[in-house]
Each structure stands twice: as C-alpha cells, then as structure tokens.
Amino acid sequence: MRLFPVFLTAAFASTGIAAAIPGHVDTSPGNKGTASLVQVRNPNFEFRHGPLALAKAYKKFGAPIPEDLRAVIARFRRTPKRDFGSVSTDPEKHDVEYLTPISIGTPPQDLIVDFDTGSSDLWVFSTEMAASDIKGQTVYDPSNSSTSQILQGSTWEITYGDGSSSSGDVYIDTVTIGNLTVPNQAVEAAKKVSSEFTEDPNNDGLLGLGFTSINTVQPTPQNTFFDNIKESLDARLFTADLKHGAPGSYNFGYIDPAAYIGNISWTPVDNSQGFWGFTSPGYAVGTGAFRNHSMTGIADTGTTLLLLPKSVVSAYYKEIQGAEYDSDQGGYVFPCSPTPPDFVFGVNNGIVTVPGDMVSYAPVDTANQNCFGGIQRDTGIGFSIFGDVALKTSFVVFDAGGLQLGWAAK
Ligand SMILES: CNCc1ccc(Oc2cccnc2)o1
C-alpha cells in the first residue's frame with residue numbers, strides 16, 4: 001500500500017476529508033488487526049482552499065512551499081478588500097517607449113498611451129488638433145462621448161525632457177485602465193503637439209503617474225488617474241514590470257509575488273519635485289567593487305535611457321574597449337560586440353543589475369558595428385533619470401502609501 005507522504009495526507013485531512021487508510025479493524029481481544037477508517041465529512045469544517053491547505057501542510061512539516069503554490073495562494077489571498085487591476089504594456093522598437101491601452105468616454109474610445117511616472121498629465125491626441133499634426137494616431141473625440149464635459153476655462157501645456165511638447169484644453173470624462181474606472185478623470189485634449197509626437201504613430205498620448213503637484217492644468221491642477229483611484233485600491237501603490245522586447249504589465253493596488261524573485265529592496269521617495277525621487281548609494285561596473293557614490297534621481301518610465309552623473313558614466317565606459325563620447329551621435333557609442341560589462345546600482349542595501357546586453361541600446365549604423373549606449377550623462381537635468389533601461393531589469397513598486405520605491409529582480 002503506497003502511503004501518502006505524511007504531510008500530503010495531513011493536507012487532505014485539512015480539506016475536511018479524513019484520509020482513509022484501507023484495512024479493517026477487528027476489535028476482538030488479542031487481535032492486532034489492520035485498521036479501516038470510514039470516511040466521514042467533517043460537518044464543522046469550513047472548506048479551505050486546497051492550495052492553502054497544502055501549503056499549511058508543507059509548513060507544518062517544514063517542507064518549502066513551491067513557487068507555483070506560493071503564487072496561487074498569493075492570488076487567492078488577495079481577496080480584494082477593495083479594487084486592484086492589471087494592464088499589459090508593450091515596448092516599441094528598441095524599447096524606446098512602452099505603450100498601454102486605456103479607454104475614454106461613453107461608448108469607450110480605445111487609445112494606446114505612454115504611462116509616464118515622470119509626469120502627471122493625462123493628455124491624448126484629439127479631434128481638436130490640426131489634421132496635419134496627426135499621422136496614424138487614434139484621437140479622442142469628446143463630442144462622441146455622452147459622458148464628456150468640458151472643464152470650462154482650463155488649459156494645459158507641457159514640455160518633456162527630450163524637448164517634445166503638447167498643449168490643449170480639458171474635459172472631464174470616464175477613463176478605464178484594465179478593470180479600474182475613474183468616472184470623473186481630467187482628460188487633457190491636445191490642440192497642438194510637437195513633431196516628436198506627430199512622428200510617433202503608435203503613441204496616442206501620455207498618462208502621467210507622477211505626483212499631482214506637477215500637473216500642468218491651469219487655473220486648477222487636476223488629479224492623475226492614480227491619485228483619483230488610489231483610495232479605492234487594496235493598497236495605494238502600482239507596480240511597473242517593463243520587459244526588454246516583450247510585453248510587460250502595470251498593476252494597480254497589489255504586489256504580485258509571482259512577478260519577482262528574491263526580496264524587494266525599499267528606498268524612501270522624495271516627491272517634493274512631483275517625481276518618484278530617490279538616492280542610490282553607488283554603483284559597480286561588471287564584477288568590480290561597489291563604489292560609494294550618491295546618485296539622486298527619479299524613476300521615470302517615460303524616459304528611455306538611464307541618465308547618470310558624468311563621472312559615473314565615464315567610469316563605466318572606461319571599461320569598454322573602443323567606447324567614446326561621440327558628439328555627432330550625442331552620447332557614448334561603443335562596438336556592439338563583445339557584450340559590455342553589466343552596470344550595477346545600489347537601492348538602499350540592495351542592488352539592481354543592468355545586464356551588459358541591455359546597455360547596448362541600439363546600433364548607430366546599418367552594419368551594426370557600433371551601438372549607442374543605454375547609459376548616458378544626466379548633464380543639465382539637475383538629477384539622474386532611472387529610465388526604461390534601468391526599470392526593465394526589475395519589478396518596481398511605486399508605493400504612494402508608504403512613499404517608497406521597491407526594486408526587485410525578476
Ligand atoms: C519619443 N518622443 C516623443 C515622446 C514620447 C514620450 C514622450 O514624453 C517623454 C519624453 C521624455 C521624458 N518623459 C516623457 O515624448
């Protein structure tokens with residue numbers, strides 16, 4: 001008779017079904033008989049989620065809980081006291097930006113926008129723009145939404161780190177991301193956009209996930225989508241799981257334990273400038289020693305590259321044969337092969353590793369001989385920018401409740 005491993009037996013026992021050990025009890029005196037247990041349902045036992053019971057059994061006998069079982073429990077345990085949601089985000093070529101679907105208005109108008117933790121305006125291409133400024137983008141048409149209301153007298157105007165800009169007026173309308181809806185979200189309709197946006201055909205606008213303090217609507221700044229929804233979420237946080245050349249996700253209101261490995265390194269956020277600001281304690285190049293070197297910057301999903309202090313950037317490229325600052329290209333360029341060394345930066349007492357093959361951002365020539373670096377100088381900005389090159393290596397928690405950033409490997 002194949003006995004269940006003891007803890008599995010206990011597991012089934014804890015599911016309210018007594019484990020049956022076949023045999024027959026002969027109670028006559030002196031008999032050392034076999035035993036038989038008639039299965040009876042335990043009337044007082046509330047049915048427990050099977051995996052939970054199994055995990056309980058593993059724990060009871062000191063067996064490690066397998067990763068897949070842990071993930072199932074996490075999903076089960078997240079009994080939504082309140083809301084939570086998830087949406088997929090896809091990289092454009094060379095991971096230059098990540099585009100995410102949203103719906104605006106009634107009936108819903110589906111647009112694809114750039115979620116940007118480095119700004120705080122939700123603005124979209126609209127029917128109020130000149131046709132010549134629209135090249136392939138999907139536009140929001142407030143007149144086609146029964147729930148849109150103009151925010152009388154309000155305007156907005158924004159310029160981004162790469163020099164791109166846009167401006168327009170403001171509507172209040174319903175906005176849905178995944179299964180989360182804000183019925184009265186400020187939707188900034190573009191009347192003008194700069195050429196960088198016109199020439200970016202798949203990007204219908206930006207959804208700011210920075211702090212509302214830097215929303216540009218005048219005379220009254222408007223809340224971001226996250227600020228409008230966060231009090232109804234299970235937890236006042238969202239996570240960014242951007243990937244290199246593959247779909248990733250933004251989750252709202254929960255941390256998915258199946259999305260990362262190891263521990264999350266937490267670091268306090270300085271939101272005084274409206275950004276997800278933090279200070280990294282230092283860096284290492286490849287397998288070299290860690291160098292203490294404070295780098296104060298922001299976690300910015302809307303910036304493509306990792307922009308760091310000039311001294312750190314030159315220390316990194318010094319380790320790459322043939323790397324040079326090419327003013328024609330506007331940054332460091334180096335031979336695409338061999339793969340450059342990893343770049344490691346500190347987050348509190350943890351580290352984040354940017355693999356060498358992610359430092360090679362994109363070839364600068366058709367022969368793919370030389371590559372433009374994913375790590376470049378932050379000169380003139382006033383702080384570093386931990387953009388997509390840094391973020392896509394990690395699972396990142398933007399925790400407004402705890403005012404902290406969490407970085408984990410994946
Ligand atoms: C690619 N240029 C147009 C464009 C797409 C997204 C943005 O916006 C940015 C640019 C830089 C930093 N943060 C947001 O500009």
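For ligands, and for the atoms within them, numbers begin at 1 and follow the listed sequence. Residues take their numbers from the sequence shown, with the count starting at 1.
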Please state which protein non-hydrogen atom is closest to [atom] and give its distance, to 0.1 Å?
| atom | value |
| --- | --- |
| atom 11 (C) of ligand 1 | G302 O, 3.6 Å |
| atom 15 (O) of ligand 1 | S164 OG, 3.1 Å |
| atom 5 (C) of ligand 1 | E97 OE1, 3.2 Å |
| atom 4 (C) of ligand 1 | F197 CE2, 3.3 Å |
| atom 1 (C) of ligand 1 | D162 OD2, 3.8 Å |
| atom 6 (C) of ligand 1 | D114 OD2, 3.3 Å |

For T303, take its heavy atoms, then give the atoms of ligand 1 lying under 4.0 Å from any of them. 12 (C), 13 (N)
Counting from 1, what ligand 1 atoms have a heavy atom of N203 closer than 4.0 Å?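 Those of ligand 1 that fall under 4.0 Å from N203 are 5 (C).
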Would you mind checking if K410 and D241 are paired as a salt bridge, meaning a charged N to carboxylate O distance below 4.0 Å?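 Yes, this pair counts.
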Output yes when D133 and K192 qualify as a salt bridge under the 4.0 Å nitrogen-oxygen rule, no when they do not. no
Kindly indicate, with the supporting measurements, whether the criterion side-chain contact (heavy atoms from CB on, under 4.5 Å) is fulfilled by V217 and T155. CA-CA 6 Å; V217 173; T155 58; over 6 Å; no
Side chain to side chain donor-acceptor pair (under 3.5 Å) with T296: which of D270, T279, D378?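 Result for side chain to side chain donor-acceptor pair (under 3.5 Å) with T296: T279.
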Close approach, S119 and ligand 1, non-hydrogen under 4.0 angstrom: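 No, S119 has no heavy atoms under 4.0 Å from ligand 1.
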Which of parallel (below 30°), tilted (30 to 60°) and perpendicular (above 60°) describes Y332 and Y317? parallel
For Q137 and T198, indicate whether the former's side chain and the latter's backbone hold a donor-acceptor pair under 3.5 Å.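 Judged by distance alone, yes, a pair lies under 3.5 Å.
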Side chain or backbone of V96 under 4.0 Å from ligand 1, or both, or neither, by non-hydrogen atoms?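 Near ligand 1, V96 shows nothing, with every heavy atom at 4.0 Å or more.
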For F383 together with F275, are the ring centres under 6.0 Å from each other? yes
